[in-house]
Amino acid sequence: MIDMSMNNLTLLILALLQSALLAMGQVLLKFGLMRTSPFGWNRAFWHSLAANLPLALSGLSFLAASLLWIFIIKHFPLSTAYPLVSLSYVFGMIAAIVFFHETVDIAKWLGVLLIMTGCFLILRN
């Protein structure tokens, strides 16, 4: 496993970065899909995918998140690291508000608070 120099604080920082990359990938994916032609098995649709920078950047963001995830699960216990992936939901909801001007009701904020509380409980030992 991991030596004591790479502790839960290190894991939290890495998990926050990995979650931010996942959320960024989702935001870029949505921006990219907003620029595509309606789905169809035709040249126009496939060309709109191929010439779509946000879509390509979303793939790079997912790749970076995956590479970081490989590092995380190699060096930290899966039972501690895996629940921290849920932090991407927190970033995703904030991104939905900032980039897509979505409204978030109290139930969703409560859900985010529960996710953050769960992550705190997992890391507190």
Side-chain angles (χ1 to χ4, degrees):
M1 251 336 105
I2 193 102
D3 65 7
M4 293 311 254
S5 64
M6 294 183 94
N7 57 18
N8 283 352
L9 179 59
T10 303
L11 174 57
L12 177 61
I13 292 167
L14 293 172
L16 286 169
L17 178 58
Q18 195 260 352
S19 294
L21 286 166
L22 284 175
M24 182 170 61
Q26 294 294 344
V27 169
L28 289 165
L29 180 63
K30 183 159 177 79
F31 276 130
L33 292 173
M34 290 167 59
R35 298 174 64 186
T36 62
S37 300
F39 179 81
W41 296 103
N42 56 53
R43 180 179 287 197
F45 172 72
W46 294 104
H47 180 64
S48 70
L49 286 180
N52 193 319
L53 182 60
L55 201 59
L57 292 174
S58 75
L60 291 175
S61 183
F62 290 137
L63 175 63
S66 296
L67 292 173
L68 184 53
W69 180 243
I70 289 168
F71 177 84
I72 290 169
I73 62 172
K74 180 171 176 53
H75 294 287
F76 294 94
L78 186 63
S79 62
T80 305
Y82 192 65
L84 299 181
V85 174
S86 64
L87 292 168
S88 65
Y89 298 127
V90 177
F91 287 119
M93 193 173 77
I94 293 168
I97 294 165
V98 172
F99 296 110
F100 304 111
H101 311 290
E102 297 179 13
T103 56
V104 176
D105 61 26
I106 191 72
K108 291 176 186 167
W109 283 115
L110 181 59
V112 164
L113 181 62
L114 290 171
I115 288 170
M116 292 170 61
T117 302
C119 290
F120 170 78
L121 290 173
I122 287 166
L123 290 171
R124 73 182 177 102
N125 58 349

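Note that the numbering runs from 1 along the sequence shown for the chain.
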Same apolar cluster (I L V M F W Y, side chains within < 4.5 Å links), [X]/[Y]:
X: L114; Y: L87; answer: no
X: L12; Y: L78; answer: yes
X: L110; Y: I97; answer: no
X: V85; Y: L67; answer: no

Starting at [atom1] of [X], measure out to [atom2] of [Y] and round the result to the nearest 0.5 Å.
X: K30; Y: R35; atom1: NZ; atom2: CZ; result: 14.5 Å
X: L16; Y: L84; atom1: CG; atom2: CG; result: 8.0 Å
X: L33; Y: F39; atom1: CG; atom2: CZ; result: 11.5 Å
X: L28; Y: Q26; atom1: CG; atom2: CD; result: 10.0 Å
X: L22; Y: L17; atom1: CG; atom2: CG; result: 10.0 Å
X: S86; Y: M116; atom1: OG; atom2: CE; result: 10.5 Å

Who pairs with I72 by side chain to side chain contact (heavy atoms under 4.5 Å, CB included), at least two apart in sequence or on another chain? L11, L14, Q18, L68, W69, F76, A81

Residues in side chain to side chain contact (heavy atoms under 4.5 Å, CB included) with T117, at least two apart?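 Scan of T117 (side chain to side chain contact (heavy atoms under 4.5 Å, CB included), adjacent residues dropped) gives L113, L121.
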
At their closest point, which heavy atom of [X] faces which heavy atom of [Y], and how far apart are they?
X: D105; Y: K108; answer: OD1-N, 3.0 Å
X: A23; Y: G92; answer: CB-N, 3.9 Å
X: P83; Y: C119; answer: O-SG, 4.0 Å

Give the table of side-chain donor-acceptor pairs shorter than 3.5 Å for residues 53-64, with sequence neighbours excluded, one pair per line with atom names and distance.
unit_1: S58; atom_1: OG; unit_2: L55; atom_2: O; d: 2.6
unit_1: S61; atom_1: OG; unit_2: L21; atom_2: O; d: 2.6
unit_1: S61; atom_1: OG; unit_2: G25; atom_2: N; d: 3.3

Could you tell me if the side chain of T80 sits less than 4.5 Å from the side chain of P77, heavy atoms only? yes

Is there a side-chain contact between I94 and V112, using heavy atoms and a 4.5 Å cut-off? no

Can you name the ring-ring contact (aromatic ring centres under 6.0 Å, His included) partners of [X], sequence neighbours left out?
X: F31; value: F100
X: W46; value: W41
X: F99; value: none

